[in-house]
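Whatever order the structure lists them in is the order used to number ligands and atoms, beginning at 1. Residues take their numbers from the sequence shown, with the count starting at 1. In this text the structure is predicted, and so the values were computed from the model without any measurement.
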Amino acid sequence: MGPRANDNPHAWYRLSQLPAVNVTVYPYECDAYGHLNEAAYLQIFERARWEALARGPGMHPFQRNGVWPAVRKAIVEYHLPAFPGDVLEVHTEPVRLGRTSMEMRQRAVRVGDNALVAEVQLHFVMVDRSGNPTPVPEEVGALFASPARSTRSGEVVRHSVGSVTLSVDIRGDGPALLLVHGFPLDRSIWRHQVATLSGWRRIAPDLRGLGDSDAPEGGYSMAVYADDLVKLLDKLRIQKAVVAGLSMGGYIAFELLRRYADRVAGLILCDTKAEGDTTDGKTARDEVAALARARGAMAVADRMVPKLLGKTTRQTQPQLVQQVTEMIARAPVAGIVGALEAMRDRPDSTALLPSITVPTLVVVGQEDELTPPANARALVDAIPKAALTTIAGAGHISALEAPTAVSRVFAEFLEAVREG
Ligand code: MLT
């Protein structure tokens, strides 16, 4: 687990100055079926890092300070096969800076079709010439913190929205798409959509209390989440956005419609529902909050992951099961408890549905056990301009479990909104 933003004075959130690098896949890197093999993916990422470093700041800052970042952990996610001759654009970004460590993320996007083929999360330890861990020299840390860097090209930035500061992933140009994650997750559930929906300005914040955003004790509600998001849009000078909300993100989207309808240009509701909590549901919220307080976020992860991820994902994507577990385990208890209280007390949005006039797409994982396809059908039946897409082989976090399929239906819907 890396250091958190709010208690680590070294944390930095600007995109590095490392340029994106194009790497061609060579035939000898591929397996008998012509796919880029697993080991070669790591080599490609490494090649791109050296190249980016050479084209960017070079080796001097490291040499001058007698240090080198040594890779200690690499988590690779393979999204799509890649073949000989494919050109991959590899983006290298810092995620976190600790006292003696740094985390970087690399994404390989195929130039031909802009598809995210693989990404890697790397944990480096800064070592001295004898290989011992050593504090990150100021010059090296500062390398990546260029205040002059434009936020438009893509980076994780911190935006204060009143009393809290949110971490927000912002990529691309075009009309705005605001991606609101669910509980107890963070902005990374949208990583495929953020990486691939070009032609749109993708904005994926961590909600207060979750991910890397500030997590105050108490004061959480759907209204407060919605206010945070509108303040964020104001800061980014965005008048209207298509709002995509997954599960709790959908509850927040309803709140945005209730209170700020003129800011919503279109709506994507993923794995969510309009009904409020039943009495039993409210009791269950309190039980999970008590569990979080008594035994921490990991206990919440153990309880929730089997329900959040679909059967197919649990059987075929063990690395995703692990990532979602880690994502939840990282969530601050204050944010988990706050979200549970906010969901418990949220209004029922059923009466709102017939008044939604913006184009609406409803997406649901076929194996979603928390908000099953029947909930999605009810939304489509009640919202005047709504269409339904069911995603095979996905559960409650469809955007993450079946990212390519979900990004494709988002892209088609967004095109229709743009043209309409
Ligand atoms: C979510 O994914 O946001 C939650 O499962 C929603 C809920 O518990 O109602």
Side-chain angles (χ1 to χ4, degrees), residues 178-190 193 204-211 213 220-222 224-226 228-229 243-256 267-292 297 299-310 313-314 320-321 323-325 327-332 335-350 362-365 367-376 378-379 391 394-402 406:
L178 178 66
L179 297 150
V180 189
H181 65 76
F183 167 84
L185 309 170
D186 64 35
R187 64 174 193 267
S188 67
I189 66 158
W190 300 114
Q193 293 73 41
D206 281 334
L207 292 168
R208 69 161 65 205
L210 294 166
S213 290
Y220 293 75
S221 66
M222 291 304 144
V224 167
Y225 291 129
D228 286 350
L229 295 179
V243 178
L246 185 138
S247 196
M248 182 173 85
Y251 309 158
I252 298 168
F254 292 137
E255 191 66 25
L256 283 168
L267 189 60
I268 304 179
L269 297 168
C270 296
D271 304 284
T272 193
K273 63 180 178 187
E275 296 79 17
D277 278 2
T278 60
T279 311
D280 286 351
K282 287 179 196 284
T283 308
R285 301 286 189 204
D286 292 337
E287 278 166 18
V288 179
L291 178 73
V300 176
D302 287 341
R303 176 168 163 149
M304 289 200 65
V305 168
K307 293 183 211 152
L308 285 169
L309 296 172
T313 301
R314 279 181 272 131
L320 203 58
V321 177
Q323 278 166 25
V324 172
T325 306
M327 190 192 306
I328 300 175
R330 274 197 303 270
I336 292 180
V337 171
L340 286 162
E341 289 169 357
M343 288 191 289
R344 179 194 63 196
D345 300 336
R346 76 186 187 279
D348 187 301
S349 296
T350 314
V362 178
V363 175
V364 65
E367 300 172 9
D368 183 345
E369 290 170 28
L370 292 176
T371 46
N375 288 126
L379 290 172
I391 306 290
H396 188 61
I397 321 180
S398 56
L400 184 64
E401 294 177 59
V406 169

Item to complete: Would you check whether Lys307 reaches within less than 4.0 Å of ligand 1, judged by its heavy atoms?
Response: no
Item to complete: State the atoms of ligand 1, each with its element, that fall below the 4.0 Å cut-off from a heavy-atom position in Gly182.
Response: 3 (O)
Worksheet item: Just which atoms of ligand 1 are under 4.0 Å from any heavy atom in Met248?
Response: 1 (C), 3 (O)
Worksheet item: Considering only heavy atoms, does Arg344 approach ligand 1 within less than 4.0 Å through its side chain, its backbone, both, or neither?
Response: neither
Worksheet item: Do ligand 1 and Leu370 have nitrogen or oxygen atoms that lie under 3.5 Å from each other?
Response: no
Worksheet item: In ligand 1, which numbered atoms sit nearer than 4.0 Å to a non-hydrogen atom of Ser247?
Response: 1 (C), 2 (O), 3 (O), 4 (C), 5 (O), 6 (C)
Worksheet item: So which heavy atom in the protein is nearest atom 9 (O) of ligand 1, and how far is it from that ligand atom?
Response: Tyr251 OH, 2.5 Å
Worksheet item: Looking at side-chain heavy atoms only, is the closest gap between Lys307 and His396 below 4.5 Å?
Response: no
Fill in: Residue and atom name of the nearest protein heavy atom (relative to atom 5 (O) of ligand 1), distance in Å to one decimal
His396 NE2, 3.4 Å
Worksheet item: Leu185 and side chain to side chain contact (heavy atoms under 4.5 Å, CB included): which partner among Leu210, Asp206, Ile397?
Response: Ile397
Worksheet entry | Close N or O approach (Arg346, ligand 1; < 3.5 Å) | no
Fill in: Any Tyr251 side-chain heavy atom under 4.5 Å of Met222 side chain
yes
Fill in: Any Met327 side-chain heavy atom under 4.5 Å of Ile189 side chain
yes
Worksheet entry | Step-by-step side-chain contact (heavy atoms from CB on, under 4.5 Å) determination, Leu370 to Asp271 | CA-CA 8 Å; Leu370 292 176; Asp271 304 284; over 6 Å; no
Fill in: Heavy-atom nearest neighbour in the protein, as seen from atom 8 (O) of ligand 1, with distance rounded to 0.1 Å
Arg285 NH1, 2.8 Å
Discussion item. I'd like to know if the side chain of Asp280 pairs up with that of Thr278 as donor and acceptor (distance under 3.5 Å, no hydrogens or angles considered).
Written reply: no
Item to complete: Under the side-chain contact (heavy atoms from CB on, under 4.5 Å) rule, what do Tyr225 and Glu255 come out as? Steps first, then yes or no, please.
Response: CA-CA 9 Å; Tyr225 291 129; Glu255 191 66 25; over 6 Å; no
